[in-house]
2 protein chains.
Amino acid sequence: MNVEEMSLSALRRITHATDVHSRALLREYQLTGPQVSILKEVARQGEAPIGALAKASYLGAPTVTGIVDRLERQELVSRIRTDVDRRQVRIALTAAGKRLLARDPSPLHAGFREQLLKLPKTEQRHICDALDRVATMMEFAASEAQQSSTPRT
Amino acid sequence: MNVEEMSLSALRRITHATDVHSRALLREYQLTGPQVSILKEVARQGEAPIGALAKASYLGAPTVTGIVDRLERQELVSRIRTDVDRRQVRIALTAAGKRLLARDPSPLHAGFREQLLKLPKTEQRHICDALDRVATMMEFAASEAQQSSTPRT
DNA sequence: CACACATATTTCGTGTTGAAAATATTCGCA
DNA sequence: TGCGAATATTTTCAACACGAAATATGTGTG
């Protein structure tokens, strides 16, 4: 199997494992992986607008809108409209949201985290480097493709 | 940012780039990334049942059923029921499917592929190793979680 | 043979995802 | 002031993904 096929296969395995974990989270916390990610991002940023959450999570605004809808339905966050800019919606954690985060759910398997941290520091760095390089190469490829369809300004 | 957060962030960036590319494919070939993957898998295996395609692609059978539905709608594959086992459905490439594959669509960005292949062989190996290790660690973590919820037989 | 069990696929329900379009609001400029 | 451009969010739409349940078929045992 060549490099391309191996990478593709590994990426599919990663996606699959992530998805399976997301459904396990749903059973345990009534919350999926992306919902946990956004909830944590809200906690990190504090009263953040949708757009900021989307950017920080590498998701589109419509996606985050849907996730926030479901978090709001469970009253883990609330939408706040301020008078400074009435287009913006700020997402705030509720008390229930804080309680849930205190249970420390993670979008990644606890077992994965353990194994990763058990590796020597150099190994950990190698892995992070590799993931980062793959991400960067893909993003660069995407931006090039974008430009080639709009050759001149 | 710690190792965990960096990995998570890189994985989300990879997922996002992959998804964006899938939509670009749709414009160019009227086919998404997963559809291309399955079409290629059909070409590789030749008259494969749904289950075999699902396993090879790390997808669930219901997911592949949907993808095959859409490929069939475009007449790129056809479902064949044999008399040996009438539960099974074998998926076969049509002439149109072969023609489309001849245009060499890829579920990964062409630009990404180029960059990957331009790297020194050792770098390529590092990246494949890292991706494979992440996948393996996640799958192992998932299988452990599975077992802990069914402690005894 | 009949009935329980196993296997292959599909259907259904819910959640995730992004592009395009719709909506609401703000900003810049004449 | 007024009006067009820019910005923030939501809606709509199609695809993807999985688990559970439904359906159809095959297998094995009494």
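Naming: A, B, ... by sequence-line order, numbering from 1 per chain.
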Donor-acceptor pairs are to be reported for all side-chain atoms of residues 37-56 of chain B against protein atoms at under 3.5 Å, with residues two or more places apart or in another chain.
residue : atom : partner : partner atom : Å
B:S37   : OG   : B:G33   : O            : 3.3
B:K40   : NZ   : B:P105  : O            : 3.0
B:E41   : OE2  : B:R44   : NE           : 3.3
B:E41   : OE2  : B:R44   : NH2          : 3.0
B:E41   : OE2  : B:Q45   : NE2          : 2.9

Between side-chain atoms of residues 58-71 of chain B and protein atoms elsewhere (two or more places apart, or another chain), which donor-acceptor pairs fall under 3.5 Å?
residue : atom : partner : partner atom : Å
B:T65   : OG1  : B:A61   : O            : 3.1
B:D69   : OD1  : B:R79   : NH1          : 3.1
B:D69   : OD1  : B:R79   : NH2          : 3.0

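For the pair A:R81 CZ and C:dT23 C1', the interatomic distance rounds to 11 Å; values are reported in whole Å. For the pair A:D19 CG and D:dG19 P, the computed distance is 8 Å after rounding to whole Å. Taking atom CD on A:Q30 and atom P on C:dG15, their separation rounds to 12 Å, with Å as the unit. Rounding to whole angstrom units, CG of residue B:D69 and P of D:dC16 are separated by 10 Å. The interatomic distance linking A:Q88 (CD) with C:dT25 (P) rounds to 13 Å, in whole Å. Rounded to a whole Å, the CG atom of A:L26 is 17 Å from the P atom of C:dG13. One atom, CD of B:E72, and another, P of C:dT9, lie 13 Å apart when rounded to the nearest Å. Put simply, CD on A:Q74 is 14 Å from P on C:dT14, counting in whole angstrom units.
Taken to the nearest 0.5 Å, the CD atom of B:E114 stands 11.0 Å off from the CG atom of B:L116. Atom CG of A:L93 sits about 6.0 Å away from atom CG of A:L101, to the nearest 0.5 Å.
If you check residues 52-66 of chain B against DNA chain C, the residues with a heavy atom closer than 4.0 Å are B:A61, B:P62, B:T65, listed by number. Contacts between residues 32-42 of chain B and DNA chain D, counted as heavy-atom distances below 4.0 Å, involve B:T32, B:P34, B:Q35. Shown for residues 7-17 of chain A: no residue has heavy atoms falling under 4.0 angstrom of DNA chain C.
Of all heavy-atom pairs spanning B:Q74 and B:Q30, the tightest one is NE2-O, 2.7 Å. In plain terms, the two heavy atoms of B:Y29 and B:L100 that are nearest each other are O-CD1, 4.1 Å.
Looking at heavy atoms from C-beta onward, A:M138 lies in side-chain contact with B:L108 at the 4.5 angstrom threshold. Counting only heavy atoms from C-beta outward, the side chains of B:R13 and A:E139 approach each other to under 4.5 Å. In this structure, B:L131 and A:L11 have side chains that are in contact, with non-hydrogen atoms separated by less than 4.5 Å.
Axis angle, first five pairs versus last five pairs of the helix from C:dC1-D:dG30 to C:dA30-D:dT1: 10°, rounded to 10°.
Under the side-chain hydrogen bond (donor to acceptor under 3.5 Å, both in side chains) criterion, the residue pairs touching residues 3-12 of chain B are A:R113-B:E4, with sequence neighbours excluded. The list of ring pair (Phe, Tyr, Trp, His ring centres under 6.0 Å) pairs with a residue in residues 73-101 of chain A, not counting sequence neighbours, is empty. Applying the ring pair (Phe, Tyr, Trp, His ring centres under 6.0 Å) test to residues at least two apart or on different chains, the pairs with a partner in residues 102-123 of chain A are A:H21-A:H109. For residues 14-25 of chain A, the pairs satisfying salt bridge (Lys or Arg N to Asp or Glu O under 4.0 Å) are A:D19-A:R23, with sequence neighbours left out.
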Each nucleotide N or O in nucleotides 22-26 of chain D that has a protein N or O under 3.5 Å away: list the pair and distance.
residue : atom : partner : partner atom : Å
D:dG26  : OP1  : B:R86   : N            : 2.9

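Mapped onto DNA chain D by nearest heavy atom, A:R79 and B:I67 fall at different nucleotides, with A:R79 at the one closer to the 5' end.
Cluster partners of B:V84, using a side-chain heavy-atom cutoff of under 4.5 Å among ILVMFWY residues and allowing indirect links: none.
If you check the side chains of B:T94 and B:R99, you find no donor sitting under 3.5 Å from an acceptor.
Between A:R90 and D:dA8 there is no side-chain polar atom (N or O) within less than 4.0 angstrom of OP1 or OP2. OP1 or OP2 of D:dC16 has at least one side-chain nitrogen or oxygen of B:R70 nearer than 4.0 Å.
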Quick one: do B:L31 and B:L76 satisfy side chain to side chain contact (heavy atoms under 4.5 Å, CB included)? Show the steps, please. CA-CA 10 Å; B:L31 231 55; B:L76 299 171; 3.5 Å; yes

